[in-house]
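Working notes, structure below.
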Amino acid sequence: MLSKAYEPQEVEKRWRRHWEEEKTFTPDMSAPGEPYSIVIPPPNVTGILHIGHALNQTLQDILCRHARQKGKKVLWIPGTDHAGIATQNVVERALAKEGKRRADLGREAFIERVWEWKKKYGGQILGQIKALGASVDWTREAFTMDDNLARAVRKVFVQLYEEGLIYKGKYIVNWCPRCHTALADDEVDHVDSQGMLWHIRYDFADGSGSVTIATTRPETMLGDTAVCVHPDDERYAGLVGKKLILPIAEREIPLIADRYVDMEFGTGCLKVTPCHDPNDWKLGHAHGLEFIQVIDDNGNMCNEEASGRFTGMSREECRKSIVEELRANGHLVKEEPLSHSVGCCYRCKTVIEPYVSTQWFVAASKMAPAARAAVPDKIRIYPDSWTKTYYNWLDNIRDWCISRQLWWGHRIPAWTCPDCGELIVSESDPDRCPKCGCTRLEQDPDVLDTWFSSALWPFSTMGWPDKQEDLRTFYPTSVLVTAFDILFFWVARMVMMGQHFMGEVPFREVYIHALVRDAQGRKMSKSLGNGIDPQDMIEKYGADSLRFTLAAFAAMGRDIRMSEERIEGYRHFINKVWNASRFALMNLPEDRAPEVVDLGTVKGLHNKWILSRLEEVKEEEDQALEGYRFNDAAQCVYKFLWNEFCDWYLELIKADMREEGEAKKEAQFVLYTVLKEILLLLHPMIPFVTAEVWDSLPGCEGTDIATQPYPEIRPQCRKEKDADEMSFVQEVISAIRTIRAELDIKPSYRLSVVLRPASEEQAALLEANRGFLELARLEKVSIDAGAHAPKASASNVVRGCEVIVLLTGAVDFQAEVARLTKEIGKVEKDLATLGAKLANPGFASRAPAELVESEKTRHADLEDKKAKMLALQKRFMEAMG
RNA sequence: GGGCGGUUAGCUCAGCUGGUAGAGUAUCGGUCUUACACACCGACUGUCAGGGGUUCGAGUCCCUUACCGCCCACCA
């Protein structure tokens, strides 16, 4: 027997172990069934599972478990990402506590140290995936630094190099002076900040006047090699080509013209520092300017010749000194505050320095068109609104800087010969220079951007390039489930690589889910400390509660505001599932499944009704999941279980269960069937509690719900007429309950009721099912259209049937008058809106005939109800005198 | 400067192809009715942001205004 309240901890632990030990989620390659596959977006090894991961994984798990139920051969591959910068930073911080820096260890020892760290902590995040109940195949767990993934990386790199799609070159890149590495464009966060715009006067060398430039970065002026204006700017007409004296440096630089300059901004006069600004870099090349570097890789002033006395200062110190000096010597014309955005490192928030260096690039601009064309024909994006964003990014893509000056990552498979300078790019480590035979080859010190290996994830995790079996069966994957924040970092790049190397897109569909925010709508982050730790929630409320909450809130294209209260609320639901099951167990045979009954020919109206509704719910859930409407799927089963199965059906069969007989046998089998199927419908969302209950059902002991098929469809159980008749009985019961509650009659007091049916049919229906009326706790029921209505009574009308409750003794008569008046008021309000609608000539002529007809019927029914209630009220008032 | 999303009950949010506004939570009243107080029965609350349009009919489609939020962009 199950315990009284559901205690998730022990149950979850057991099932987790069971699924892992039994390898339940390792697909049988020889089994039939359409393949269905997903690769998990690999969380960073440094990470701790946050609520966003929990959502991401819950949704994937729902899809996978559902697909399994539908008979598909399902593979869900788990894994983690080595997360170059992030992980290196974490380990460097740990070293710093020991007073060491990575240089103190040297490259090899440092990498060894990172691996140790990974072994120790990298498993943490996997444990959290397990805790959530994700039905991944642990035998295929992958890590982006695994040997076979490293081979994939090398092969891809070499091939792209040979095809001219990877190249090496000297460019201005985003440089983080703290992480000491280049960053890709999209690894730079733009943060709004309040800065200064300094106006500085540059005099002409011939003493014929001056121009004034405006800049936010005066420290870079030491590297200025020109000043630029717009060719059409009349203010500077005739001046282009003249020489200016660069203040402080006292160097001559030319005044040039280029259409790039915005005449509206500042003074319309731009200082050009080709080595320290990406735009100026372009101008420098276009105009053949000199390139003078004045800031080094640490963000300090360098180049004694150019920087002079400022050499060695940090960029910030230098800025201050230069401004002071300009102010002192009168070249500073104006200072004004300016809000602008500043590029920062997405990992450490340090201000990015545009920096000229030699880097490796992927010619993304050449690969983008194919990736663009894949959507929407080969890849469908849900919700569709992201398609535009995807296009927009690909249309404006620039080549992707993939080299990082880090130690942790896939080292670039390129070597240079110290003797002849030959560049060798090769899958295997070369032992000598093919050109001069030198054996002292030096490997490029850089590693690849983390996202380079991530881009190969859908096929590298399936064994490419070595093994083919998984690829043949499971590539392309069925769907990619991810949050929008990595649409660019990851999704678009996977498409490019998949197309290029597999000749096929990596996934058929992309489902973009919401971002989880806190109760105030802010992005959850460690720095804000507003995160909800899924681990805590699982311990407190159980994984099922967390999962169901996430599913219920996962409406498409919306952010989710998460709070603990909501998870607590859904824990009630899990408990409800548990207790409904306990009730069922108490009413079913203990050691065997109940006797089978033909479900198409059950007699009880309640049985016909619940079976009919069940059919509808099955279809609803299936369609909701088909369209990634997780919230609808969760909601429809939730309501069915709670508001129909528990609130009505279980109450209705209590009478059947009291004595042995046909009614009990029928109810037992229907109860058994409906409960089992509800469990199946809920299982993808709340796997643990459903597994536990299933295992304890008679006839199911020792079986695993995770391997059971989706409930069969039973068209013979669809009985809308019966279902509607049952609703009528329910409405009558509710009407009596409402009267009882509003007149403050004790629940324990048994009422007598007179029902005056509106038709022969109604009369027969009520007569046949009068036992159900017991749910309203009654003493005596008379069903008679001609019955005399007692004077001291309260009343209501349900589908034309008058419900008259006898009031004897201590009842507040005023209360009944008030209640009736209110009730009539409601009817009148409905009549008014409906009447206006019907009175509209356009409605009758243009609306569908069916609708007009049903509205007319409704109107007539309301009129009837109103008339009957007025009559009852009148009689009641007469009784009061 | 482009693009996207939001504005519905006190709070948090659902409302698919236009056809009587919904759930949870909160509040109020009543119940230990033999699965569940993590429960049961009942009640209350809405100019669906403002304005205009299309339509017989709009929370739902179109335009517009306001406020909030996000993304992208080489804003010196």
Side-chain angles (χ1 to χ4, degrees), chain A residues 2 4-6 185-186 190 197 213-217 220 228 260-262 264-273 277-282 338-341 354 385-386 388-389 392-393 396 398 484-485 487-488 515 517 519 521-523 541 545 552-553 555-563 565-566 568-587 623-624 627 629 631-632 635 638-639 643 646-647 650-651 654 734 737-742 744-748 775-777 830 833-834 837 840-848 851-852 854-855 858:
Chain A
L2 305 177
K4 191 165 172 178
Y6 179 56
D185 292 332
D186 49 20
H190 291 92
L197 188 63
I213 59 93
T215 181
T216 53
R217 300 201 58 198
T220 63
C228 189
Y260 161 75
V261 176
D262 177 1
E264 305 294 317
F265 189 91
T267 57
C269 197
L270 170 74
K271 72 184 209 49
V272 182
T273 321
D277 182 281
N279 299 306
D280 296 6
W281 165 266
K282 275 188 220 154
L338 178 77
S339 59
H340 60 141
S341 69
S385 53
W386 288 103
K388 222 170 159 177
T389 312
N392 189 44
W393 189 72
N396 297 300
R398 297 197 304 169
F484 67 81
D485 53 349
L487 188 63
F488 306 138
L515 225 53
R517 300 178 177 280
R522 297 173 305 182
K523 197 169 172 174
Y541 305 107
S545 302
F553 276 93
M556 243 191 243
R558 264 270 207 166
D559 288 345
I560 302 177
R561 294 195 187 195
M562 187 44 73
S563 74
E565 271 185 339
R566 268 154 242 171
E568 201 183 342
Y570 279 108
R571 177 185 53 171
H572 301 342
F573 176 67
I574 305 301
N575 194 241
K576 192 73 179 172
V577 173
W578 182 255
N579 274 297
S581 306
R582 283 182 62 218
F583 173 82
L585 286 172
M586 291 171 70
N587 288 285
Q623 285 181 359
R629 288 179 288 113
N631 57 323
D632 287 345
Q635 214 57 240
Y638 178 100
K639 283 188 192 165
N643 303 124
C646 289
D647 288 350
L650 295 187
E651 296 302 326
K654 279 179 180 171
S734 293
R737 282 174 174 170
T738 303
I739 288 171
R740 182 195 286 279
E742 294 201 340
D744 218 9
I745 302 166
K746 276 200 171 300
S748 52
L775 290 194
R777 309 221 99 212
D830 284 354
T833 49
L834 195 54
K837 192 173 183 178
N840 185 335
F843 181 71
S845 56
R846 307 231 186 161
L851 183 76
V852 176
S854 75
E855 294 291 70
R858 243 185 77 218

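Every chain is numbered from 1 and lettered A, B, ... according to where its sequence line falls, protein lines coming before strand lines. Note that the structure is predicted; figures quoted are calculated from it, not measured.
Taking the nucleotide of RNA chain B with the nearest heavy atom to each of A/Thr267 and A/Arg737, the more 5' of the two is matched to A/Arg737. Summary of the strand contacts: A/Pro841 and A/Ser581 both lie near RNA chain B, and taking for each the nucleotide with the nearest heavy atom, the more 5' one is attributed to A/Ser581.
Distance from the side chain of A/Glu742 is smallest for B/rG42 among the nucleotides B/rC4, B/rG42, B/rU12. Closest to the A/Glu651 side chain, of the nucleotides B/rC40, B/rA35, B/rC72, is B/rA35. When distances are taken from the side chain of A/Asp647 to each of B/rC38, B/rC40, B/rA76, the shortest belongs to B/rC40. Here the side chain of A/Arg582 is nearest to one of B/rU12, B/rA35, B/rA14, namely B/rA35.
At least one side-chain heavy atom of A/Lys271 sits less than 4.5 Å from a side-chain heavy atom of A/Thr220. Residues A/Asn631 and A/Gln635 have side chains not in contact (no heavy-atom distance under 4.5 Å, counting atoms from C-beta outward). Taking 4.5 Å as the limit, some side-chain heavy atom of A/Leu270 sits within range of a side-chain heavy atom of A/Tyr260.
As rounded to the nearest Å, B/rU20 and B/rC48 have C1' atoms that lie 15 Å from one another. Straight-line distance between the P atoms of B/rG51 and B/rG59: roughly 13 Å, to the nearest whole Å. Nucleotides B/rA49 and B/rC67 place their C1' atoms 8 Å apart, quoted to the nearest Å. Comparing the P positions of B/rG6 and B/rA14 gives an interatomic distance of 9 Å, to the nearest angstrom. The same atom, C1', is picked in B/rG52 and in B/rA66; the two are 15 Å apart, to the nearest Å.
Every residue two or more places apart in sequence or in another chain was checked for a side chain to side chain contact (heavy atoms under 4.5 Å, CB included) with A/Pro747, and none qualifies.
Of the possible polar contacts, one joining the A/Asn579 side chain to the A/Asn575 backbone as a donor-acceptor pair under 3.5 Å is found. Remark: the backbone N or O of A/Phe553 is not paired with any side-chain donor or acceptor of A/Arg566 at under 3.5 angstrom.
Pairing for B/rC4 is with B/rG69, a Watson-Crick or G-U wobble pair whose two hydrogen-bonding atom distances lie under 3.5 Å. Using the Watson-Crick or G-U wobble rule with both distances under 3.5 Å, B/rA35 pairs with nothing in any strand shown.
Below 30°, between 30° and 60°, or above 60°: for A/Tyr570 and A/Tyr638 the angle between ring planes is above 60°, a perpendicular geometry.
Residue A/Lys4 places at least one side-chain N or O under 4.0 Å from the OP1 or OP2 atom of B/rC36. The phosphate of B/rC40 has OP1 or OP2 within less than 4.0 Å of a side-chain N or O from A/Lys576.
In terms of polar N and O atoms assigned as donor or acceptor, the side chain of A/Glu264 never comes within less than 3.5 Å of the base of B/rA76 in a complementary pairing. Evaluation of atom-type donor-acceptor distances gives no pair under 3.5 Å for the side chain of A/Thr738 against the base of B/rC41.
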*Could you run down nucleotides 19-33 of chain B 5' to 3' and tag each one B, S or - for protein heavy-atom contact under 4.0 Å?*
BB--SS-----SS--

